[in-house]
Protein chains: 2
Amino acid sequence: MVRSLLTEEEQHAILALPIQELVLRSKQDYLHINERTTYACLVASGMVGRFGQTSEGVRQITAFHVPGDMADLLSAVRPVGVGGINALCETMVLRVPHAAIRALASRYPAIAEAFWRDCMLDAAILMEWVVNVGRRNSQTRIAHIFCEMAIRSSGDREILKEYPFPVTQEQLGDATSLTGVHVNRTLRALRDVVTLKNGSVQIHDWARLTRVGDFDATYLTADTAPEQQKRLLAAA
Amino acid sequence: MVRSLLTEEEQHAILALPIQELVLRSKQDYLHINERTTYACLVASGMVGRFGQTSEGVRQITAFHVPGDMADLLSAVRPVGVGGINALCETMVLRVPHAAIRALASRYPAIAEAFWRDCMLDAAILMEWVVNVGRRNSQTRIAHIFCEMAIRSSGDREILKEYPFPVTQEQLGDATSLTGVHVNRTLRALRDVVTLKNGSVQIHDWARLTRVGDFDATYLTADTAPEQQKRLLAAA
DNA sequence: CGCGAACTTGACTGTAGTCAACCTGCGTGG
DNA sequence: CCACGCAGGTTGACTACAGTCAAGTTCGCG
């Protein structure tokens, strides 16, 4: 919730939410496509992918979620059309009942807005993914995802030169709409700039990576508006 | 706001929002990419497209908005990363100040949730677009968009056999990540099922169109949960 | 040590892109 | 009222990026 300003009381209220730990095995589907749920899940460790699929069962990953992300917060207000969720490696999630989230949002408008804003960051990323998959070639697509995940995995710190990204080349293809074979060839072409090995991304040249990846981090940045923008205005 | 249940008082409060009418010429950019705004806009008539673009300026439409849609409601809580907005034909929009939206959301939790839910429908559509652009061939892609817009243009009525869709083949290509030339060829191949002419889509065979378009409307359906799901639970 | 998942490589194919020419219909201005 | 211009649509020939298929190879784990 670093993306919004909350008072201590609000922060305590969030930390007091009832949670239930759940450990997912690598490759385990946590939420099946079109499944309805009454919990939202916070990724505590590991990594999950959200995905959609065609009627033929071909999967398309639509989002990656790192520790700290609510992977399906949107389901709290709209439990349909969330897509499936799949653990990319052994992952611990904390399940929070929708009812508790909604009750909290009702009581604290600033929390409602913080949740809403969090969902809107996801939406901005999704828009960027449409552009990525639709308009960029294989090198740019993959480099772009590596840039995005570098920023998101680094939190407020300096950009990490290496970060965990426990996906197979096949899964990276599911995220970029490429085949595993072509991901492999593309990674080879990028090897001077970035490598994916043992479930980690190693960035050798960040400047070149952002250039190849046609990457501008604006869409990921926290709101840079005046501070009060991060909180709801007092009720009129 | 038909997607949520609101009391009369809440409905009146929404209708009392300060608005400012604005008429956009066809092809006019209303919001430039990366532009920050302090208004959200409701489409009153006509049609707009939201778009992203690569650094080379190639555009990718990420959403269409029909009358009744808030095209950039998400900007109320997160004014960055919205992308650009372009009028596809002469369009009237109603601009509503972010401040008013946020004040209303703060005062009426059910309205906050209705706004949030509305944004989440957009997000669900966006996920479907990633799948569409990433995983489907040209015929399926175009047919899928035609299906989506048929449902959204029909509102609660029966599905219209003809509905306004004032886009050029080139713009349809910008939405489906195809070139204008290929859109043209694909439309020809689909002409027994659906045609795009004079700014309207004519559906000749809805059953076939959904089959060709690999279309399942679940992601667009209003929440089918028990009624109270459509409103925030009373504050604990 | 042996199995299987993931990765690697090569040869060939196919869908959609590119380029270029031409057609059509509409709105404007002479 | 006609003619011009132009945006949008249509078609053909050729190209290219990524997909497909198939045969290895490597590596980690039981």
Side-chain angles (χ1 to χ4, degrees), chain A residues 25-28 47 49 54 56-61 86-90 132-145 165-191 194-202 212 214, chain B residues 25-28 47 49 54 56-61 86-90 132-145 165-191 194-202 212 214:
Chain A
R25 297 184 313 277
S26 182
K27 316 265 173 293
Q28 183 181 346
M47 195 162 189
T54 66
E56 294 184 331
V58 183
R59 286 192 176 188
Q60 168 70 50
I61 294 177
N86 180 271
L88 300 169
C89 60
E90 181 165 308
N132 203 40
V133 162
R135 291 297 187 200
R136 301 204 251 247
N137 65 25
S138 61
Q139 286 195 33
T140 308
R141 257 184 247 186
I142 288 178
H144 195 277
I145 295 267
F165 194 55
V167 302
T168 64
Q169 296 184 357
E170 192 74 34
Q171 289 169 327
L172 184 52
D174 286 346
T176 51
S177 303
L178 298 167
T179 57
V181 171
H182 203 65
V183 168
N184 184 284
R185 290 175 175 137
T186 306
L187 286 175
R188 189 152 51 77
L190 288 173
R191 72 181 144 195
V194 68
T195 46
L196 173 63
K197 205 166 58 174
N198 304 125
S200 283
V201 169
Q202 291 184 306
V212 175
D214 187 29
Chain B
R25 296 184 313 278
S26 183
K27 315 266 174 295
Q28 183 179 347
M47 196 162 187
T54 66
E56 294 183 333
V58 183
R59 287 193 174 187
Q60 167 70 49
I61 295 178
N86 180 271
L88 300 170
C89 60
E90 181 165 310
N132 203 40
V133 162
R135 291 298 187 198
R136 302 204 251 247
N137 65 26
S138 62
Q139 286 196 30
T140 308
R141 256 184 248 186
I142 288 178
H144 195 277
I145 296 267
F165 193 54
V167 302
T168 64
Q169 296 184 358
E170 193 71 35
Q171 289 169 327
L172 184 53
D174 286 346
T176 50
S177 301
L178 298 167
T179 57
V181 171
H182 204 64
V183 167
N184 184 283
R185 290 174 176 138
T186 306
L187 285 176
R188 190 152 51 77
L190 288 173
R191 72 180 145 196
V194 69
T195 47
L196 173 64
K197 205 166 56 174
N198 303 125
S200 283
V201 169
Q202 290 185 305
V212 175
D214 190 28

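In the text below, chain A, chain B and the rest are named by the order of the sequence lines, each starting its count at 1.
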_For chain A, the stretch of DNA chain C it reaches, first to last nucleotide, under 4.0 Å of its heavy atoms_ = C:dA6 to C:dA11
*Quick one: salt bridge (Lys or Arg N to Asp or Glu O under 4.0 Å) partners of A:R136, sequence neighbours excluded?*
A:E128, A:D214
*For A:R135, check salt bridge (Lys or Arg N to Asp or Glu O under 4.0 Å) against everything at least two apart and list the hits.*
B:D174
To the nearest 0.5 Å, what is the distance between [atom1] on [X] and [atom2] on [Y]?
X: A:T176; Y: A:N137; atom1: OG1; atom2: CG; value: 11.5 Å
X: B:T168; Y: B:N184; atom1: OG1; atom2: CG; value: 11.5 Å
X: A:S177; Y: B:N132; atom1: OG; atom2: CG; value: 10.5 Å
X: A:H144; Y: B:T54; atom1: NE2; atom2: OG1; value: 10.0 Å

*Could you walk me through whether B:L190 and B:Q139 pass the side chain to side chain contact (heavy atoms under 4.5 Å, CB included) test, one step at a time?*
CA-CA 7 Å; B:L190 288 173; B:Q139 286 196 30; 3.6 Å; yes
*asked:* Regarding A:S177, tell me which of base, sugar-phosphate or nothing describes its non-hydrogen contacts under 4.0 Å with the strands shown.
replied: sugar-phosphate
*Donor-acceptor contact present, side-chain A:Q60 to main-chain A:A175, <3.5 Å*: yes
*Is the number of heavy atoms from other residues, nucleotides or ligands under 6.0 Å of A:E90 CD greater than 12?*
no
*asked:* If I compare all heavy atoms of A:L196 with all of A:F165, which pair ends up nearest, and what's the gap?
replied: CD1-O, 3.7 Å
*Do you know which two heavy atoms are closest between A:L88 and A:S26, and how far apart they sit?*
O-OG, 3.5 Å
*State which residue, out of B:L178, B:T179, B:T186, B:L187, fulfils the side chain to side chain contact (heavy atoms under 4.5 Å, CB included) condition with B:Q169.*
B:L187
For nucleotides 8-12 of chain D, print each protein N/O atom paired with a nucleotide N/O atom at under 3.5 Å, atom names and distance only.
from   : atom 1 : to     : atom 2 : distance (Å)
D:dG9  : OP2    : B:Q169 : N      : 2.9
D:dT10 : OP2    : B:Q169 : NE2    : 2.8
D:dT10 : OP2    : B:N184 : ND2    : 2.6
D:dT10 : O5'    : B:N184 : ND2    : 3.2
D:dT11 : OP2    : B:R188 : NE     : 3.1
D:dG12 : N7     : B:R185 : NH2    : 2.8
D:dG12 : O6     : B:R185 : NH2    : 3.0

*By a strict heavy-atom criterion of less than 4.0 Å, which residues belonging to residues 132-142 of chain B are in contact with DNA chain C?*
B:N137, B:S138
_Value in whole Å for how far the C1' atom of D:dA7 lies from CG of B:N198_ = 15 Å
*Once you build an axis from the first five pairs and another from the last five of the helix from C:dC1-D:dG30 to C:dG30-D:dC1, how far apart in angle are they, to 10 degrees?*
40°
*Please tell me if the side chains of B:R191 and B:K197 come closer than 4.5 Å, counting only heavy atoms from C-beta onward.*
no
